K.L.:
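Would you mind keeping the following structure in view while I ask a few things?
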Amino acid sequence: MSPPGSDLAIKRGPDLIELKNVSVSYGSKEVLKDVSLEIKKGKVIAIMGPNASGKSTMIRLMNGLLLPGSGDCLVDGINTRDDMYYARRQVGMVFQDPEDQLVSRKVLDDVAFGPKNLGFSSFESLAVAIESLSLVGLEKMADKSVHDLSGGQKQLLSIAGVLAMNPSYIAMDEPTSLLDGEGTGLVREIIGKLKSGYRGIVLVTHDPAEALLADEIFVVDNGKIAMRGTPEEIFSRHEELESIGVDVPQMLRFSKRLKKLGADTGDLWSVEGAVREICHWS
Ligand SMILES: Nc1ncnc2c1ncn2[C@@H]1O[C@H](COP(=O)(O)OP(=O)(O)OP(=O)(O)O)[C@@H](O)[C@H]1O
Ligand SMILES: [Mg+2]
């Protein structure tokens with residue numbers, strides 16, 4: 001179900017989010033320096049980097065919560081300086097701390113809040129909310145208070161809240177940081193489904209296994225894009241990653257260790273693939 005009026009906005013460019021030579025300072029501290037990147041619909045991009053490198057700042061720019069100090073952020077060709085509400089509508093944001101996203105006391109109302117604000121009737125909003133809660137496996141919690149949820153469940157609740165608004169792009173800031181293995185698997189599944197629905201997904205993550213879902217990875221270091229490439233290209237540069245403070249997939253570390261022990265491993269990625277196949281690891 002599409003929100004009423006969702007297709008009324010007039011696009012001025014191609015379907016993509018662009019940061020063009022963006023710099024951001026908080027007071028005298030420059031936290032993003034001349035950052036450029038694009039996120040196309042139908043693609044998943046991951047942003048990795050050490051703590052305080054500027055990852056959350058980058059995605060706050062994308063939905064107009066923050067305007068660049070210099071440079072531009074465009075959503076479908078519309079500059080967030082000219083129309084931040086277009087960006088807010090098109091780019092759904094799953095915040096790093098799910099507590100920042102809670103708006104109602106009851107789980108169902110919390111998810112229904114967004115569609116109601118977009119103009120759905122109460123009945124339609126509740127129907128969309130129930131559908132979104134089932135997508136994240138929280139339908140049985142619909143009548144509970146949000147305060148009864150665990151940290152991981154609150155993280156899933158904030159994803160449901162964003163799904164209910166059916167945005168064109170979804171920016172997720174470390175969406176699995178509080179989740180167990182089962183919850184993490186579910187979020188990965190949701191990301192896969194969203195991608196096939198032609199949305200653009202931005203995933204800020206410290207988890208290399210999660211970053212493997214992406215079509216492209218951007219590594220941020222001290223406010224600058226230090227590396228950009230496919231997961232295979234990025235994780236092959238494991239020494240650079242380690243010096244920046246970014247983890248590599250566990251399997252890759254394992255194959256490196258084998259090589260160190262003298263095994264003739266060829267290239268690290270083929271070992272990684274073979275181990276996965278033999279052990280049925282995903
Ligand atoms: N509102 C703010 N006012 C002042 N400084 C800020 C503000 N928000 C972020 N910062 C600072 O900007 C820098 C980048 O912060 P940001 O949250 O973008 O980093 P991050 O890469 O998301 O970090 P983390 O991995 O810890 O989430 C940090 O030094 C942070 O302390
Ligand atoms: Mg952050």
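We count residues from 1, following the sequence as given. We count ligands from 1, going down the list as the structure has it; atoms in each ligand are counted the same way. Keep in mind that what you see is a predicted model, and the values were worked out from it rather than measured.
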K.L.:
Taking atom 24 (P) of ligand 1 as the point of reference, which of Gly49, Gly223, Ala52, Gly27 owns the nearest heavy atom?
P.N.:
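Result: the heavy atom closest to atom 24 (P) of ligand 1 is in Ala52.
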K.L.:
Under a 4.0 Å threshold between the charged nitrogen and the carboxylate oxygen, would Lys40 count as salt-bridged to Asp215?
P.N.:
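Judged by the 4.0 Å cut-off on N to carboxylate O distance, Asp215 and Lys40 do not form a salt bridge.
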K.L.:
What protein heavy atom sits nearest atom 30 (C) of ligand 1, and how far off is it?
P.N.:
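For atom 30 (C) of ligand 1, the nearest protein heavy atom is Lys29 NZ, 4.5 Å.
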K.L.:
Quick check: is Leu186 connected to Val94 through a chain of hydrophobic side chains (ILVMFWY, heavy atoms under 4.5 Å apart)?
P.N.:
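Linked within one cluster.
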K.L.:
Tell me which donor-acceptor pairs under 3.5 Å the side chains of residues 138-145 have, and how far apart each pair is, sequence neighbours excluded?
P.N.:
from: Ser145; atom 1: OG; to: His147; atom 2: N; distance (Å): 3.1

K.L.:
What is the total of protein N/O/S atoms that are closer to the Mg ion (ligand 2) than 2.8 Å?
P.N.:
2
K.L.:
Are Ser177 and Gln155 close enough that a side-chain donor and a side-chain acceptor fall under 3.5 Å?
P.N.:
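Yes.
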K.L.:
Hey, is ligand 1 close enough to Gly54 that some N/O pair sits below 3.5 Å?
P.N.:
yes
K.L.:
With the 4.5 Å side-chain cut-off for hydrophobic clustering, are Leu74 and Met62 part of the same group?
P.N.:
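Hydrophobic grouping puts Leu74 apart from Met62.
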K.L.:
In the protein, which heavy atom is nearest to atom 15 (O) of ligand 1, and how far is it?
P.N.:
Thr57 OG1, 3.9 Å
K.L.:
Distance to 0.1 Å, residue and atom name: give those for the protein heavy atom nearest to atom 1 (N) of ligand 1.
P.N.:
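Sorting protein heavy atoms by distance from atom 1 (N) of ligand 1 puts Tyr26 CE2, 3.8 Å first.
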K.L.:
Could you report the tightest heavy-atom contact between Ile39 and Tyr169, atom names first, then the distance?
P.N.:
O-CE2, 3.9 Å
K.L.:
Of the options Lys41, Arg199, Lys43, which is the one that meets Asp15 in a salt bridge (Lys or Arg N to Asp or Glu O under 4.0 Å)?
P.N.:
Lys41
K.L.:
Can you name the one residue among Leu65, Asp173, Ile59 that meets side chain to side chain contact (heavy atoms under 4.5 Å, CB included) with Phe95?
P.N.:
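Single side chain to side chain contact (heavy atoms under 4.5 Å, CB included) partner of Phe95 among Leu65, Asp173, Ile59: Leu65.
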K.L.:
In terms of hydrophobic clustering (I, L, V, M, F, W, Y; side-chain heavy atoms under 4.5 Å; direct or indirect links), are Phe218 and Ile191 co-clustered?
P.N.:
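No.
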K.L.:
Once side-chain contact (heavy atoms from CB on, under 4.5 Å) is applied, do any residues pair with Ala209, and if so which ones, sequence neighbours excluded?
P.N.:
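Partners of Ala209 under the side-chain contact (heavy atoms from CB on, under 4.5 Å) test: Arg188, Asp207.
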K.L.:
What residue and atom, counting heavy atoms only, is the protein's closest point to atom 13 (C) of ligand 1, and at what distance?
P.N.:
Val31 CG1, 3.5 Å
K.L.:
Name all residues meeting the side-chain contact (heavy atoms from CB on, under 4.5 Å) criterion together with Asn51; count only those two or more places apart in sequence or in a different chain, and write none if there are none.
P.N.:
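Residues passing side-chain contact (heavy atoms from CB on, under 4.5 Å) with Asn51: His206.
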K.L.:
Identify the protein heavy atom lying closest to atom 27 (O) of ligand 1, giving its residue, its atom name and the separation to 0.1 Å.
P.N.:
Gln96 NE2, 2.9 Å
K.L.:
Which of the numbered atoms in ligand 1 are under 4.0 angstrom from any heavy atom belonging to His206?
P.N.:
25 (O)
K.L.:
Considering only heavy atoms, does Met58 approach ligand 1 within less than 4.0 Å through its side chain, its backbone, both, or neither?
P.N.:
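Neither; no heavy atom under 4.0 Å.
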K.L.:
Within the 4.0 Å heavy-atom shell around Glu174, which atoms of ligand 1 are there?
P.N.:
25 (O), 27 (O)
K.L.:
Please report which non-hydrogen protein atom sits nearest to atom 25 (O) of ligand 1, along with the residue it belongs to and the distance in Å to one decimal place.
P.N.:
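Protein heavy atom with the smallest distance to atom 25 (O) of ligand 1: Lys55 NZ, 2.7 Å.
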K.L.:
Ion pair present between Asp72 and Arg81, side-chain N to carboxylate O less than 4.0 angstrom?
P.N.:
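Judged by the 4.0 Å cut-off on N to carboxylate O distance, Asp72 and Arg81 do form a salt bridge.
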K.L.:
Can you report which non-hydrogen protein atom sits closest to atom 17 (O) of ligand 1, along with the distance?
P.N.:
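The closest one turns out to be Ser56 CB, 3.7 Å.
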